[in-house]
Amino acid sequence: MTVFLCCACGTSYEAETAPRRCRVCEDERQYVPASGQAWTTRDALAQSHRNSWQQIEPGLLAIQTVPAFAINQRALLLQTPSGNILWDSIGLLDEATWRLVSALGGLSAIAISHPHYYTTMQDWASAFDAPIYLHAADEAWICRPSDHIRLWDEDALALSDRVTLVHAGGHFAGGTVLHWTADDGAGVLLAGDIVQVTPGADRVSFMWSYPNMIPLSAPEVTDVAERLSAWPIERIYGAFSGQNVRSGGQEIISRSAKAYVDRITGRPATDPAQAPADP
Ligand SMILES: [Zn+2]
Ligand SMILES: [Zn+2]
């Protein structure tokens, strides 16, 4: 059996020959490329790509594959006194990455926001003998079994006294974010694309399908914001490079959710006929 990775979404499948279809890509929240479905293997990916590292803030490292592969999200390595947590996964786990993560103490847990980032989580889990925490509502999207998978279905699941997984829903039924109380006492949200940080890093958004630009409904967006409202959130780190909200996270989430709901229900807060005045 060979592990094949979908080149469009990074999901891994175990099979004798390359699969004909990718279930994750055929869902309307992803897409089958116009050029057709393409596949690679773990070895081929390790030959053509490598991982880059960046410190986002003390105790938080981003790992991202270069050149870009599949959805091109970053994985975040959260270093805590009770062990390292891998937040979201990327397809490429090469020898260098294994050595570096091992040298940092390995992984005590893997937690993933939603199925678009499941990728090769099974390989990361077996390489570091770490449990993978997935929300049970998305169980049907697990395309490769693993003894390391731990399904949870509460509103929140504490991984340690300062790290909690929060069920936010929205983009996927089991959409999960990670809340971390950092060393400076501030609340930090690792958001995946459950809460999507926008290019200005001063707003967030919430979508059913990002590539196909299909929004969530007003009640769904309100529900996501309400599920997060009890958590102190200062900083937000999204799934993609540069998606770093450095302050005021909770206020940004509630303001962005309100603006979204106002717009989608035909009550935009700003009259579109009123062009901004020249500076
Ligand atoms: Zn795919
Ligand atoms: Zn997604």
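Atoms within a ligand are numbered from 1 in the order they appear, just like the ligands themselves.
- Annotation: protein N, O or S atoms under 2.8 Å of the Zn ion (ligand 1) (waters excluded) comprise C6 SG, C9 SG, C22 SG, C25 SG.
- The N, O or S atom of H114 with the smallest distance to the Zn ion (ligand 2) is NE2.
- Ring centroid separation for the pair Y13 and W39 comes in under the 6.0 Å cut-off.
- In this model, no donor atom of one side chain and acceptor atom of the other lie less than 3.5 Å apart for H167 and D153.
- Of the charged side-chain nitrogens involved, at least one lies within less than 4.0 Å of a carboxylate oxygen, so that D183 and R162 count as a salt-bridged pair.
- The salt bridge (charged side-chain N to carboxylate O under 4.0 Å, His left out) check on R235 picks up E57, D184, with sequence neighbours excluded.
- Taking the charged nitrogens against the carboxylate oxygens, R246 and D202 have no contact shorter than 4.0 Å, which rules out a salt bridge.
- No other N/O/S atom of D193 lies as close to the Zn ion (ligand 2) as OD2 does.
- Within the structure, every pair that satisfies the ring-ring contact (aromatic ring centres under 6.0 Å, His included) test and touches residues 189-212, not counting sequence neighbours, is listed here: H171-Y210.
- Shown here are the ring pair (Phe, Tyr, Trp, His ring centres under 6.0 Å) partners of H148, two or more places apart in sequence or in another chain: there are none.
- Among the heteroatoms counted here (N, O or S) of H116, ND1 is the one nearest to the Zn ion (ligand 2).
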